[in-house]
Structures are given as C-alpha cells and as structure tokens.
Amino acid sequence: MLMTITSTHENATDLGFLLRKNPARAQSFSLSFGTAHVFYPVASPECCTVALLVEVDPIGLVRGRRGSADNGRPLEQYVNDRPYVPSSFLSVAIADVFSSALAGGCKEKPELADLPLPLTVELPALPCRGGEGFLRSLFEPLGYTVTARRLPLDEHFPDWGGSPFSNVTLAATLPLHLLLSHLYVLMPVLDNDKHYWVGEEEVLKLMRHGEGWLPAHPERNQITRRYLKHRPSLIDEALLRLAAEDGMAPEEVADPLAEPDEPSGPRHRLNDQRLGSVMAVLKTSGATRVLDLGCGEGRLLGLFLKERQFTSILGMDVSYRTLEIASNRLHLDRLPAPQRERLRLLQGSLIYRDERLAGFDAAAVVEVIEHLDAPRLAAFERVLFEFARPETIVITTPNREYNVKWESLPAGRFRHRDHRFEWTRAEFRAWADAVAARFGYEARFLPVGPEDAEVGSPTQMGVFTR
Ligand code: SAH
C-alpha cells in the first residue's frame with residue numbers, strides 16, 4: 001500500500017527533519033507483518049513529497065496465526081486486499097516508522113513541530129466503507145479539502161461498475177503530528193475490516209492519538225465504534241471518556257454535582273455537607289491510606305490534604321481533563337515536596353480491575369455510581385469490594401425521592417443529564433445490602449443534607465466496613 005505526503009511550505013525539505021528521515025536516501029524498516037519503505041520522489045525547496053510504501057506479507061500473517069478461523073472462504077486469508085489498501089497496518093507502520101513525528105517532536109528544528117504546514121496526502125487506493133459521504137464526514141470537520149475519485153472494479157470492464165476503493169487526496173494546513181494522528185485513527189475506521197491489533201491499551205491509544213480533535217468530532221461515536229471494532233467491551237469505556245473530555249469547561253465538570261436548586265448557596269452547602277460527612281466517617285475509621293474514586297475536580301482531595309492523618313492519598317478519575325483541572329486547583333506543581341508526595345492522581349476506570357487501587361484503608365466514591373451504566377455496576381462492585389478491598393468504603397448517591405422538593409426539576413427527570421439512574425432509599429439499600437453480604441462487609445446508611453420526614457434527604461450515604 002502506498003501513501004504520500006507533500007509539503008509546499010518554504011524550505012519544503014524540512015519535512016525530512018520532522019519525519020527524521022533523510023530526503024536524500026531510501027530506507028526500509030522491518031515490521032512484524034512486512035516491510036515499510038520510506039523515500040522521497042520529490043525533494044526540492046518548493047515541494048517535498050515523502051512516500052510510505054508498506055508491504056504486507058499475507059502468507060506470513062497466516063503462518064503466524066494459530067487456530068485461524070475458517071470462515072468458509074479458505075482462500076481469503078491468502079488472497080485479499082490487505083497488502084494494497086491503507087488499514088490498521090498503515091497505522092502501525094506510521095507509529096513505528098514516524099514515531100517521533102507522530103508524538104509531535106522535532107529534535108533538529110523544534111519550532112517546526114507545531115507549525116501549521118500546507119500538506120497534501122495522497123492515497124491511491126483507499127477503502128471507503130461507508131461511501132464518499134462518510135469519507136467527507138470524517139475529514140472535512142477537521143479542515144481538510146477532500147477530493148475522491150472512485151476506482152472501477154476493473155478498468156477493462158467498465159460495466160462491472162465501481163469498486164469499494166477510491167483515489168483520495170486530502171489537503172489541509174496543519175501541524176504534521178496532527179495530520180499523522182488523523183491518519184492513524186481514521187485509516188482503520190474507513191477500512192472497517194478486522195483490525196490487525198488487539199489489546200486493552202487500544203482505548204489509551206485512541207485517546208492519545210485523538211487528543212485535541214476526537215472528543216469534539218461530530219462522528220466521534222462512529223469513529224470509536226469502528227476503531228474498536230472487535231472489542232465491544234472497550235467501546236463504552238472509550239465513549240464515556242470522550243464524552244468526559246469533550247470541551248469540558250471547569251464549570252461543566254462541576255456540573256455533575258449541580259443540584260437543580262439554582263442559587264449557588266444551597267447547592268454549595270449540600271456539597272460541603274456531603275464532603276464533610278465523608279471526611280467525618282473516614283477520619284473516625286482511623287484510615288491513613290485513602291482513595292477518592294471518581295475524584296472529579298478534587299474537592300475532597302483538597303480536604304484530604306489538609307488532614308495530617310492521611311499519609312497516602314490517591315485520586316482516580318476516568319477523565320484526564322478533569323484530573324488536569326484537579327491538579328491545577330490543588331496547585332500540585334507548587335506544593336512542597338513532602339505534601340506533594342502524599343498525593344497521586346491517576347486516570348483509570350472504575351469498571352476495570354486496577355492493581356494500583358490495592359492496599360488502601362478506605363475509599364470514598366462520592367456522587368459517581370449514578371454515572372455508571374447499570375449493567376456495569378457488577379464490574380464496579382468487584383473492582384472495589386473484591387479486588388481493591390479497603391476496610392472502609394463510603395458511597396454517596398442522590399436520593400430520587402427527594403427530587404419532588406426541587407421545583408425547578410421536572411417530574412421524572414434526573415438531576416443531571418449524565419446520570420444513568422437515581423435510586424430511592426429502598427433501592428440503594430437493597431443494592432448496598434446485597435453487595436455487603438456478597439463481599440463480607442457490613443452496610444449502614446446515613447442521610448446527608450436537610451432531612452424531610454417523608455422523602456428523606458437529598459443525598460444518601462452508605463458506609464461499608466469489614
Ligand atoms: N467525586 C467528585 C466528582 C463527582 S462527578 C465530587 O464529589 O466532586 C462524577 C465523576 O465520576 C466525574 O468526574 C466522572 O469523570 C467520574 N467517572 C464517571 N465514570 C467513571 C468511571 N467509570 N471511572 C472513574 N470515574 C468515573
């Protein structure tokens with residue numbers, strides 16, 4: 001398969017510095033599935049074109065695969081389009097051969113790395129599964145001018161009609177690393193065939209290479225689904241993270257907590273009461289090593305830091321952006337070393353087992369469970385109660401019964417659009433008692449906020465001890 005990238009920026013051969021590949025010579029790189037060749041068909045000060053030619057060895061791939069699935073088309077594994085069209089193999093080649101350029105580095109001329117350059121990509125045979133409209137919907141929102149010419153199935157037999165492949169040109173003015181990131185993510189998406197890679201770290205790669213553009217992309221969901229095609233278990237996780245990253249301003253990040261009572265007074269008071277109650281439980285538990293799971297902007301972490309009893313503090317959240325805000329709010333870069341060493345922030349998801357959460361005395365999970373899809377709760381239960389297994393766990397969640405007290409909240413609506421459920425007191429108790437029984441904890445319940453005789457308090461808190 002062939003791809004070329006052309007720069008017409010002044011001193012166009014600077015492309016060689018960015019890619020760390022000398023325009024004066026051809027080079028070859030061996031990959032696990034074949035060979036990549038890099039060479040420059042044109043290299044002048046006005047115009048410089050780099051070609052990446054990737055040879056895929058389909059026979060080698062078949063040999064390397066144990067117990068390959070026979071789909072009733074035994075020849076397909078030997079005779080297919082994989083050697084000829086951009087796909088996940090091209091992404092892997094880009095990441096291998098142009099790794100520093102993809103990461104946004106440029107050792108010799110650092111000023112070039114973030115400089116928008118007039119760049120044109122040519123892909124002589126690009127699979128456009130989903131049609132030209134889909135191709136355009138992927139690249140045009142990113143600022144590309146897209147030219148596509150559908151290739152005939154066989155040029156000797158025009159009656160046979162068009163093939164699924166198009167000759168595509170993409171032109172835009174942008175930093176090279178961004179262009180490479182777009183190609184890295186979107187080539188497999190367009191191809192939509194079985195992907196070469198498999199691995200838990202794919203979500204992280206998608207987040208890394210999608211940084212700064214994927215969260216706000218109008219086709220974000222479709223891109224994610226296709227990119228993680230054969231890993232349905234990862235798709236929800238990725239969509240959740242992207243939604244969390246999507247242009248969240250600090251106020252919006254705080255939003256999940258915004259109770260519908262508009263005036264900031266009562267809302268803040270409830271928030272303070274909630275954190276105060278959690279602190280009281282954790283302090284009296286005698287814990288010294290504490291977790292804040294789904295820590296958000298780090299309000300509770302700030303209180304933890306002030307409490308000397310807590311010598312080791314870990315805050316985890318699924319949203320990287322939120323963690324950045326937490327880190328700024330807590331001025332982590334300015335804390336004196338002994339303070340700084342007490343606190344760690346981690347990106348991670350509460351629905352995946354995570355060894356970094358083991359060995360703590362207590363965990364707080366404040367206004368988080370209602371953000372998890374109900375079918376994922378079972379996974380969360382095991383992650384926290386079976387594997388992390390601290391002695392004390394405090395979980396808070398809204399009490400749905402109290403919603404009638406908020407006039408601004410239409411009947412039957414949740415307090416926040418990202419809430420997947422809101423439980424009555426009976427529902428929360430039933431869940432908490434069952435979890436406690438299953439994992440050997442004891443559960444007790446405390447109201448948080450003004451308590452109404454009929455509907456209870458706005459926030460409900462479960463304290464689990466073992
Ligand atoms: N506990 C914080 C924030 C509550 S808002 C506070 O009281 O201020 C809910 C938080 O849960 C958000 O920051 C969201 O990013 C996080 N979250 C949602 N799903 C998560 C998951 N699967 N794993 C970890 N954090 C998650």
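First listed ligand is number 1; within each ligand, the first listed atom is number 1. These values consider heavy atoms only, across backbone and side chains, with no hydrogens, waters or symmetry-generated copies.
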Enquirer: Which ligand 1 atoms are under 4.0 Å away from a heavy-atom of Glu367?
Expert: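 Checking each atom against Glu367, I get 4 (C), 5 (S), 9 (C).
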Enquirer: Which value, rounded to the nearest 0.5 Å, describes the distance between Phe414 atom CZ and Asn403 atom CG?
Expert: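 So the gap between those two atoms works out to 8.5 Å.
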Enquirer: Numbering the atoms of ligand 1 from 1, which are under 4.0 Å from a heavy atom of Gly348?
Expert: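 The atoms of ligand 1 under 4.0 Å from a heavy atom of Gly348 are 23 (N), 24 (C).
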Enquirer: Identify which one of Val121, Leu90, Leu170, Leu190 satisfies the side-chain contact (heavy atoms from CB on, under 4.5 Å) criterion when paired with Leu126.
Expert: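 Result: among Val121, Leu90, Leu170, Leu190, Leu190 is the only option passing the side-chain contact (heavy atoms from CB on, under 4.5 Å) with Leu126.
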Enquirer: Which option out of Ile325, Val368, Val365 puts a heavy atom nearest to atom 11 (O) of ligand 1?
Expert: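 Closest candidate by heavy-atom distance is Val368.
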Enquirer: Return the orientation label for the Tyr144 and Phe139 ring planes: parallel under 30°, perpendicular over 60°, tilted otherwise.
Expert: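 Perpendicular: the ring planes of Tyr144 and Phe139 meet at over 60°.
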Enquirer: Polar contacts were defined as any N/O atom of the residue lying under 3.5 Å from an N/O atom of the ligand; does this apply to Gly294 and ligand 1?
Expert: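 Yes; at least one N/O pair falls below 3.5 Å.
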Enquirer: Between the side chains of Asp292 and Arg299, is the shortest nitrogen-to-carboxylate-oxygen separation below 4.0 Å, so that they form an ion pair?
Expert: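 Result for this pair is no, no salt bridge flagged.
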Enquirer: Just jot down the ligand 1 atoms closer than 4.0 angstrom to any heavy atom of Cys295, in number order.
Expert: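 Taking each heavy atom of Cys295 in turn, ligand 1 has 2 (C) under 4.0 Å.
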Enquirer: Look only at interatomic distance and state if Asp292 has a nitrogen or oxygen under 3.5 Å from any nitrogen or oxygen of ligand 1.
Expert: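 By distance alone, the answer is no.
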Enquirer: May I ask whether Leu372 has any heavy atom positioned less than 4.0 angstrom from an atom of ligand 1?
Expert: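 Contact present.
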Enquirer: So if I apply the side-chain contact (heavy atoms from CB on, under 4.5 Å) rule between Met187 and each of Pro127, Ser88, Pro86, Ser87, which one comes out positive?
Expert: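 Result: among Pro127, Ser88, Pro86, Ser87, Pro86 is the only option passing the side-chain contact (heavy atoms from CB on, under 4.5 Å) with Met187.
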Enquirer: Who passes side-chain contact (heavy atoms from CB on, under 4.5 Å) against Glu386, sequence neighbours left out?
Expert: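 Once residues adjacent in sequence are excluded, the partners of Glu386 under the side-chain contact (heavy atoms from CB on, under 4.5 Å) criterion are Arg382, Phe439.
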Enquirer: Would you say Leu350 has any N or O atom under 3.5 Å from an N or O of ligand 1, going by distance alone?
Expert: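 Yes - when backbone and side-chain N and O of Leu350 are compared with those of ligand 1, one distance drops under 3.5 Å.
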Enquirer: If you look only at distance, which donor and acceptor atoms sit under 3.5 Å apart when one is on a side chain in residues 100-120 and the other is two or more places apart or in another chain?
Expert:
from: Lys109; atom 1: NZ; to: Asp14; atom 2: OD1; distance (Å): 3.2
from: Asp114; atom 1: OD1; to: His177; atom 2: NE2; distance (Å): 2.9

Enquirer: Under a 4.0 angstrom heavy-atom cut-off, which atoms of ligand 1 come close to Val366?
Expert: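 Contacts of ligand 1 toward Val366, numbered from 1: 1 (N), 2 (C), 4 (C), 7 (O).
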Enquirer: Checking the N or O distance criterion of under 3.5 Å, is ligand 1 in contact with Ser349?
Expert: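 The answer is yes, given that Ser349 and ligand 1 share an N or O pair closer than 3.5 Å.
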Enquirer: May I ask whether Ala364 has any heavy atom positioned less than 4.0 angstrom from an atom of ligand 1?
Expert: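 No.
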Enquirer: Would you say CD of Glu211 has more than 12 non-hydrogen atoms from neighbouring residues, nucleotides or ligands within 6.0 angstrom?
Expert: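 Incorrect, the count does not exceed 12.
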